[in-house]
**Q** 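Sharing a structure here in structure tokens format.
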Amino acid sequence: MSICMIGGGGFIGSHLCEKLMAETSHKAVVVDVSSEKINHLLGESHPWSSRIEFHHMNIKNDSRLETLIKASDLTINLAAICTPADYNTRPLDTIFSNFIDAIPVIKYCTDNNKRLIHFSTCEVYGKTIGSFLPHEFRKDPKYYMLKEDVSPCIFGPVEKQRWSYACAKQMTDRLIYAEHAENGLKFTIVRPYNWIGPRMDFIPGVDGPCDGVPRVLACFSNNLLRGEPLKLVDGGRSQRTFLYVKDAIEAVLLMIDNPERANGQIFNVGNPDNEVSVKELAELMIQVYAKVASVPASSLSTLDVSSEEFYGKGYDDSDRRIPDMTIITRQLGIQ
């Protein structure tokens, strides 16, 4: 199978490319603005050299994109701006990247009768119902477990620009489903829940911009390496579930290889049993770093900061993200 991987040079794409090259006979046609994270896979010295090719391309208004999609059996769209620090400071880029730029990809797949696996986000669910209820009701799973076909999408007001990402992703999901309903697009939508692993992010000033703000694991790592307090946004109350990227890629490969079970489906991909608050995550990372670096844990600390101080005006957050895995278990056998 020939797979056109848009945004395939990023964190998830690099791990998927490794999996495809090492364990399948599929061909990867990678489209991205950088090959840095997959350079170790490129070059004629590898036994899979004929099965991977890189196209340096910004997909905005590039006529080559349809040609690559048309020549492939499957398109996987991974392209996105997906760092929370960008949602407030670059809301227009965020909306264009996650909605407007996806429109031609979807159209090319529909027009050429090509299958599409599109990467959405667990952020499309927004806030849980439980966050609006009295505390005694919040422990009932029906108020916090997120289901692909049932849970509503609850966002903050328009001035909370943090939701520009979630809203753009949701509109893309709806467009894909509409193309399926009206024009027969064969699709699978993936909703990752905080996949983590190598090449996920950057350390500011080391392998990324000095003024950059990466996601939480890299932020905490940066604080630890520099001997700074780990900053807890709004006290670190938000809760998240985490999944190792290589485990997640196993699920994606099942989607690729089982179209009859994956087509027309939206899949949560996460670990509902691996929930932790951001504050608990910070405490865990302090303990691990203290052991690895042979320093007393008491010398490391946290610092509460407001979301406006950390991200700027217009930030808002979801309280919990726990995936219901019923659909992917039923369709693909994922446990």
Side-chain angles (χ1 to χ4, degrees), residues 1-14 16-17 19-21 24-38 41-42 48-82 92-121 165 168-191 252-253 255-260 262-267:
M1 186 187 302
S2 178
I3 304 172
C4 180
M5 295 175 57
I6 302 168
F11 162 54
I12 296 173
S14 67
L16 181 54
C17 283
K19 185 78 170 178
L20 293 174
M21 295 304 103
T24 80
S25 58
H26 300 319
K27 178 181 179 180
V29 180
V30 182
V31 176
D32 212 321
V33 295
S34 171
S35 64
E36 181 179 353
K37 293 182 180 181
I38 61 167
L41 299 173
L42 303 176
W48 55 72
S49 60
S50 63
R51 294 194 293 112
I52 186 169
E53 58 187 56
F54 177 75
H55 297 261
H56 186 275
M57 185 188 306
N58 187 325
I59 65 172
K60 297 176 185 290
N61 303 314
D62 195 311
S63 60
R64 295 176 294 168
L65 182 61
E66 183 174 16
T67 301
L68 294 177
I69 289 175
K70 192 173 183 178
S72 300
D73 303 299
L74 165 68
T75 294
I76 300 179
N77 189 13
L78 292 147
I81 289 177
C82 52
L92 285 176
D93 286 342
T94 300
I95 291 168
F96 271 75
S97 172
N98 293 292
F99 177 51
I100 304 300
D101 293 349
I103 293 175
V105 174
I106 298 165
K107 182 178 184 300
Y108 296 152
C109 288
T110 300
D111 291 350
N112 292 286
N113 193 30
K114 299 297 182 178
R115 183 179 170 218
L116 171 66
I117 295 179
H118 178 78
F119 274 71
S120 180
T121 173
Y165 173 64
K169 282 292 193 182
Q170 185 202 139
M171 276 304 302
T172 302
D173 287 3
R174 293 188 183 278
L175 177 60
I176 289 169
Y177 201 88
E179 284 286 358
H180 159 73
E182 293 195 24
N183 298 316
L185 173 66
K186 297 184 288 292
F187 80 91
T188 303
I189 291 174
V190 187
R191 290 181 178 160
V252 177
L253 189 60
M255 298 174 205
I256 292 171
D257 288 341
N258 295 277
E260 72 285 353
N263 282 348
Q265 300 292 334
I266 301 173
F267 291 128

**Q** Between the main-chain N or O of I189 and the side-chain N or O of H118, is there a donor-acceptor pair closer than 3.5 Å?
**A** no

**Q** So do the side chains of S35 and V30 get within less than 4.5 Å of each other, counting heavy atoms only?
**A**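 No; the side chains remain at least 4.5 Å from each other.
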
**Q** With the side chain counted from C-beta on, respond yes when L20 and L253 share a heavy-atom pair under 4.5 Å apart, and no when they do not.
**A**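 Sidechains of L253 and L20: in contact.
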
**Q** Considering residues at least two apart in sequence or located in another chain, which fulfil the side-chain contact (heavy atoms from CB on, under 4.5 Å) criterion with A262?
**A**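 So A262 forms a side-chain contact (heavy atoms from CB on, under 4.5 Å) with R115, T188, M255, F267.
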
**Q** Examine distances only and state if a side-chain atom of R51 and a backbone atom of T24 form a donor-acceptor pair shorter than 3.5 Å.
**A** yes

**Q** For L41, is there any backbone N or O sitting under 3.5 Å from a side-chain donor or acceptor partner on W48?
**A**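 Here the side-chain-to-backbone pair exists.
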
**Q** Looking at side-chain heavy atoms only, is the closest gap between L78 and F11 below 4.5 Å?
**A** no

**Q** To the nearest 0.5 Å, what is the distance between CG (D173) and CD1 (I266)?
**A**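 One finds 6.0 Å between CG of D173 and CD1 of I266.
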
**Q** Quick check for you: to the nearest 0.5 Å, what is the distance between C109 atom SG and I69 atom CD1?
**A**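 Between C109 SG and I69 CD1, I get 4.5 Å after rounding to 0.5 Å.
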
**Q** Using every non-hydrogen atom in the two residues, find where H56 and S34 come nearest and quote the distance to one decimal.
**A**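 Here H56 and S34 meet closest at CD2-N, 4.5 Å.
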
**Q** So, applying side-chain contact (heavy atoms from CB on, under 4.5 Å) with I117, which one of N77, T75, I76 is it?
**A** I76

**Q** Hey, mind stepping through V31 and C4 against side-chain contact (heavy atoms from CB on, under 4.5 Å) and telling me if it holds?
**A** CA-CA 7 Å; V31 176; C4 180; 4.2 Å; yes

**Q** Tell me the closest heavy-atom pair linking D73 and K114, and the distance in Å.
**A** O-CD, 4.4 Å

**Q** Regarding H26 and D257, is there a side-chain donor-to-acceptor distance under 3.5 Å anywhere?
**A** yes

**Q** List for me each residue that meets side-chain hydrogen bond (donor to acceptor under 3.5 Å, both in side chains) alongside N112, sequence neighbours excluded, and say none if there are none.
**A** E66

**Q** Report yes if some heavy atom in the side chain of I81 is under 4.5 Å from a heavy atom in the side chain of Y165; otherwise report no.
**A**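 SC-SC contact between I81 and Y165 ruled out.
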
**Q** So, K60 and D101, do they make that salt bridge, N to O below 4.0 Å?
**A** yes

**Q** Should I3 and L16 count as side-chain neighbours, where that means a heavy-atom distance under 4.5 Å?
**A** no

**Q** Between F187 and N263, does the side-chain contact (heavy atoms from CB on, under 4.5 Å) criterion hold? Intermediate values first, please.
**A** CA-CA 5 Å; F187 80 91; N263 282 348; over 6 Å; no

**Q** On a heavy-atom basis, which atom in G8 and which in I38 lie closest, and how many Å separate them?
**A** O-CG2, 4.0 Å

**Q** I'd like to know whether NZ of K107 has more than 12 heavy-atom contacts from other residues, nucleotides or ligands below 6.0 angstrom.
**A**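 Atom NZ in K107 is not crowded, with 12 or fewer foreign heavy atoms closer than 6.0 Å.
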
**Q** Do any N or O atoms from the side chain of S97 and from the backbone of T94 form a donor-acceptor pair under 3.5 angstrom?
**A**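 Checking the backbone N and O of T94 against the side chain of S97, no donor-acceptor pair under 3.5 Å is found.
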
**Q** Between A79 and I59, which heavy-atom pair has the shortest distance, and what is it?
**A**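 Closest approach of A79 to I59: CB-CD1, 4.5 Å.
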
**Q** Nearest heavy-atom pair of C17 and M5: which atoms, and what distance?
**A**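 Nearest heavy atoms, C17 then M5: SG-CE, 3.7 Å.
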
**Q** When rounded to the nearest 0.5 angstrom, what is the spacing between CG in N98 and CE in M171?
**A** 13.0 Å

**Q** Between the side chains of D32 and K37, is the shortest nitrogen-to-carboxylate-oxygen separation below 4.0 Å, so that they form an ion pair?
**A** no

**Q** Identify the heavy atoms of F99 and A168 that sit nearest to each other, and give their distance.
**A**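 It is CB-O, 3.7 Å.
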
**Q** Between E53 and K27, does any NZ, NE, NH1 or NH2 come within less than 4.0 Å of an OD or OE carboxylate oxygen?
**A**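 Here K27 pairs with E53 in a salt bridge, since their nearest N and O are under 4.0 Å apart.
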
**Q** Report the distance from atom CG of N113 to atom NZ of K70, rounding to the nearest 0.5 Å.
**A**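 Here the interatomic distance stands at 12.0 Å.
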
**Q** Distance from I100 atom CD1 to D93 atom CG, nearest 0.5 Å?
**A**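 Going from CD1 on I100 over to CG on D93, the span is 12.0 Å.
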
**Q** Quick one: OG1 on T110 to CG on L185, what's the gap to the nearest 0.5 Å?
**A**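 Separation between the atoms: 4.0 Å.
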
